[in-house]
> 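The structure that follows is given in the form of structure tokens.
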Amino acid sequence: MENIKSFLGSFFVTGDPMIYGADASIALATIGIVFYLTYFKKWKWLWDEWLTTVDHKKIGIMYIIAAILMLFRGGVDALLMRAQLIIPNNTFLTSQHYNEIFTTHGTIMIFFMAMPFIFGLMNIAIPLQIGARDVAFPFLNAVSFWLFFLAAMLFNISFVIGGSPDAGWTSYAPLAGLKLDPGVGENYYLVALQISGIGTLATGVNFLVTIFKMRAPGMTLFKMPMFTWSTLVTSIIIIFAFPVLTIALALMSIDRLFGAHFFTIEAGGSPMMWANLFWIWGHPEVYIVLIPVLGIFSEVISTFAHKTLFGYKAMVWSMIAISVLSFTTWLHHFFTMGNTAWVNSFFSVSTMIIAIPTGVKIFNWLFTLNKGRIEFTTAMLWALAFIPNFTIGGITGVMLSLAPADYQYHNSYFLIAHFHNVLIAGTVFGVFAGLHYWWPKMFGHVLNERLGKWAFWVFMISYNICFLPMYFIGLMGMTRRMYTFPSGLGWEPLNLVITLGAFGMGVGFLIMVWMIVYSAKYGKRDTTGDPWNGRTLEWATSSPAPEYNFAHIPQVETVDAFAHMKEKGTAGNIYKAPFQAIHMPNDTGIPFILSVFFFIAGFGLVFEWYWMAIPGTIGIIVSMIVRSFKDHEDHHHIPAEEVEQTERAAGRLS
């Protein structure tokens, strides 16, 4: 019994009332879900419709649902940190608990919220925008999602089983090494990110091939919608950047699990190698989550200004320039670690230069708005709010690019304000704009505009109340990663304001959740497939789009293909009889099962239980072997009669 008690005491996190509350919440939520699925006999529906689907639209919806859940989890972490810093000498959180929340907040928001939210919108929009019936590799698309989702679940159970990682979201060596961080928390970080990273890399390959090989006839590269261009550029960055992170995570895993010393100075390793590898991935990663939302803003601004995007080719080349330059700026993340003047100068200049193509995009959006018939929908408000807020983040980024100035700014709250100005005003505002914009295409109804605008104003104003004071408190000397602060430094009023702003953002998020629930029942139904008078091909099909996307593959003649079709009166050709049978890929449970084995193997590695890790690995290999014997023509045909019935039910045939 004593051995069992000792094991349970080390296996489960104990001693904190908040953890017990989380345990109870997880148990109650699990019981509630199981009861619902059992009582309403939904298990088969769950398996057939969602767990085994390869439909890119359903996969996109699952990405977005998971991302919203992760936004809630990461947001709660942020509110706990701000509650700790609301007054001096606060004991609400211990230093250890604060470090864990600090680490999980950054990791979840980047890896398990921002990227999957963007991938969800890509899955919804890209095949439709290019006039395709699916992505290039539907099976791989499902694998990508389930690897991400089960990696997120693996990472999230760390705070109740074993303990959360606590070395910061960058997990610098030697702090994250076994000697200074002997628990299993860092193992969760390393294993979960490797599993999720495999899925991300597969997503990059999938969308690169989809965009290059599956565009509708006539759609040359310079006739693609801007969101498609941004996805193409992002996919290329992913393919070059993510293998670097995979190698870094693998090396540190080998250090921790098998006693190697890649990052140990006394054994011939180098902690700085981790910093270099992490940021060679990490700075392009900023653009992996930023460039797609630049494409989203381009679509939203063009649609609701009712104009063709100004400077289309300049926008494309500026994104390409950003993608190239993003690989030349990583060292500005550790100017304060000591480098030669020549090295600092090179990375200072490259960091400043990257602001130029970003500025090009800002001016092109402003010129698009000029003399446009601007429609102030909720999506448009998020896009318009992006311009001034992101500009503040960009200007302070140029300030930080100056190596001598960075010595003063870097470890202060000034830097926290800067990167939240970029990532929230950029990525979060962007995915919220995309959510409103493409919601009808996902669910067949429009999100409530009144509630959407309330959510926008509460969130956006609170965001500025939260982060603008951080610039000033940083200049007053408050440093990053500080879990408490003494009184008498003059920081109390600004910390109070910052915390109030953070909780205001939480209120804005709750209004947004209520908007989604309310709209599901009362939202205006989209009966036309084109609620915004859209300009690109996703609005040429019904809402929600059918399994096959297009009854006939459209013929593209110019940029803004659907707007051009409506002007010519040829838009109806996409769903005009006669119809032909369409072949589509079959659903399969292998991606889900494969990912479950990844979860089992990963959990075993976290605790160094090789009796679990080895069977999990065998399960992964067996799943891949089973897949390799599948017929690559594994598809079904949708008869022409069924296509006609679907189009007629959608009101597209008289």
Side-chain angles (χ1 to χ4, degrees), residues 53-61 64 120-136 138 141 210-211 214-219 223-225 227-228 231 299-300 302-303 379 434-446 524-585 638-654:
T53 186
V54 296
D55 186 335
H56 68 92
K57 299 175 290 296
K58 290 183 178 179
I59 289 172
I61 290 169
I64 290 170
L121 295 173
M122 288 178 179
N123 268 282
I124 296 297
I126 294 304
L128 294 170
Q129 283 200 335
I130 64 174
R133 292 211 163 98
D134 209 328
V135 294
N141 199 27
T210 298
I211 294 168
M214 300 187 69
R215 300 190 306 278
M219 184 178 280
K223 292 178 185 174
M224 295 194 308
F227 183 52
T228 303
T231 299
E299 302 291 348
V300 170
S302 176
T303 297
L435 188 71
H436 280 269
Y437 185 61
W438 283 302
W439 189 270
K441 199 53 58 180
M442 291 187 274
F443 296 106
H445 64 268
V446 177
K524 177 185 174 184
R525 302 299 139 177
D526 175 18
T527 58
T528 66
D530 184 21
W532 313 126
N533 190 21
R535 309 183 68 80
T536 45
L537 287 177
E538 70 267 36
W539 307 112
T541 186
S542 58
S543 296
E547 178 189 358
Y548 50 80
N549 291 348
F550 298 95
H552 299 291
I553 299 298
Q555 179 73 39
V556 174
E557 297 180 9
T558 183
V559 177
D560 290 346
F562 186 47
H564 181 68
M565 290 176 185
K566 287 188 287 189
E567 289 174 8
K568 287 182 62 180
T570 60
N573 292 343
I574 293 173
Y575 50 87
K576 188 176 181 180
F579 300 101
Q580 294 181 335
I582 299 171
H583 78 268
M584 297 297 295
I638 302 175
E641 297 78 14
E642 185 177 335
V643 175
E644 182 174 354
Q645 289 172 5
T646 302
E647 295 297 316
R648 193 177 301 281
R652 298 167 71 80
L653 297 176
S654 56

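From a predicted model like this one, the values you see are computed outputs, not experimental measurements. For the single chain, residues carry numbers from 1 onward in sequence order. Heavy-atom basis, side chains included; hydrogens, waters and symmetry copies ignored.
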> Report yes if some heavy atom in the side chain of Pro544 is under 4.5 Å from a heavy atom in the side chain of Met442; otherwise report no.
no
> From the options Thr210, Ile59, Thr53, select the one residue that forms a side chain to side chain contact (heavy atoms under 4.5 Å, CB included) with Asn141.
Ile59
> Short question: side chain of Arg215, backbone of Ile211 - any donor-acceptor pair under 3.5 Å?
yes
> Are the side chains of Thr528 and Trp539 in contact, using a 4.5 Å heavy-atom criterion?
no
> Within a strict 4.5 Å, meaning less than it, do heavy atoms of the Glu642 and Ile582 side chains meet?
no
> Which heavy atom of Phe550 sits nearest to which heavy atom of Ala540, and what is that distance?
CE2-CB, 4.4 Å
> Determine the minimum heavy-atom distance between Pro554 and Met565, stating which atoms define it.
CB-CE, 3.7 Å
> On a heavy-atom basis, which atom in Met122 and which in Pro127 lie closest, and how many Å separate them?
O-CD, 3.7 Å
> Please evaluate residues Ile61 and Phe443 with respect to the criterion side chain to side chain contact (heavy atoms under 4.5 Å, CB included), reporting the C-alpha separation (whole Å), side-chain torsions for both, the decisive distance (0.1 Å), and the verdict.
CA-CA 9 Å; Ile61 290 169; Phe443 296 106; 3.8 Å; yes
> Look only at the side chain of Thr541 and the backbone of Asn549, and say whether a donor-acceptor pair between them is shorter than 3.5 Å.
yes
> Looking just at side-chain N and O atoms, do Asn123 and Lys58 make a donor-acceptor pair shorter than 3.5 Å?
no
> Does some side-chain heavy atom of Tyr548 sit less than 4.5 Å from a side-chain heavy atom of Asp134?
no
> Considering non-hydrogen atoms only, spot the tightest contact between Pro546 and Glu647 and give its length.
CG-OE2, 4.2 Å
> Between Phe227 and Thr536, does the side chain to side chain contact (heavy atoms under 4.5 Å, CB included) criterion hold? Intermediate values first, please.
CA-CA 10 Å; Phe227 183 52; Thr536 45; over 6 Å; no
> Rounded to the nearest 0.5 Å, what separation is found between the CH2 atom of Trp439 and the CG atom of Asp526?
13.5 Å
> Within the 3.5 Å criterion, strictly below it, is a donor on Thr303 or Tyr437 matched to an acceptor on the partner's side chain?
yes
> Can you name the nearest heavy-atom pair linking Phe562 to Asp530, along with the distance?
CE2-OD2, 3.5 Å
> Quick check for you: to the nearest 0.5 Å, what is the distance between Thr646 atom OG1 and Glu641 atom CD?
11.0 Å
> Treating Lys57 as the side-chain partner and Ala125 as the backbone partner, does any N or O pair qualify as donor plus acceptor under 3.5 Å?
no
> Please check if the side chain of His552 supplies one atom and the backbone of Ala577 the other of a donor-acceptor pair under 3.5 Å.
no
> Can you tell me how far CZ of Arg133 sits from CD1 of Ile638, rounded to the nearest 0.5 angstrom?
8.5 Å
> Are a donor atom and an acceptor atom from the side chains of Asp560 and Thr558 found within less than 3.5 Å of each other?
no
> Compare every heavy atom of Gly131 with every heavy atom of Ile553, then report the nearest pair and how far apart it is.
CD1-O, 3.4 Å
> Quick test of your reading of the model: are Glu557 and Lys223 salt-bridged, counting only N-O distances below 4.0 Å?
no
> Using side-chain heavy atoms (C-beta onward) and a distance below 4.5 Å, is Tyr575 in contact with Ser542?
no
> I need the Trp438 CH2 to Glu538 CD distance, nearest 0.5 Å.
6.0 Å
> Could you state the interatomic distance from CD (Gln129) to OG1 (Thr228), rounded to the nearest 0.5 Å?
4.0 Å
> Nearest 0.5 angstrom please: Met224 CE to Leu537 CG, how far?
12.5 Å
> Check whether Arg535 reaches the backbone of Val559 with its side chain - one donor and one acceptor, N or O, closer than 3.5 Å.
no
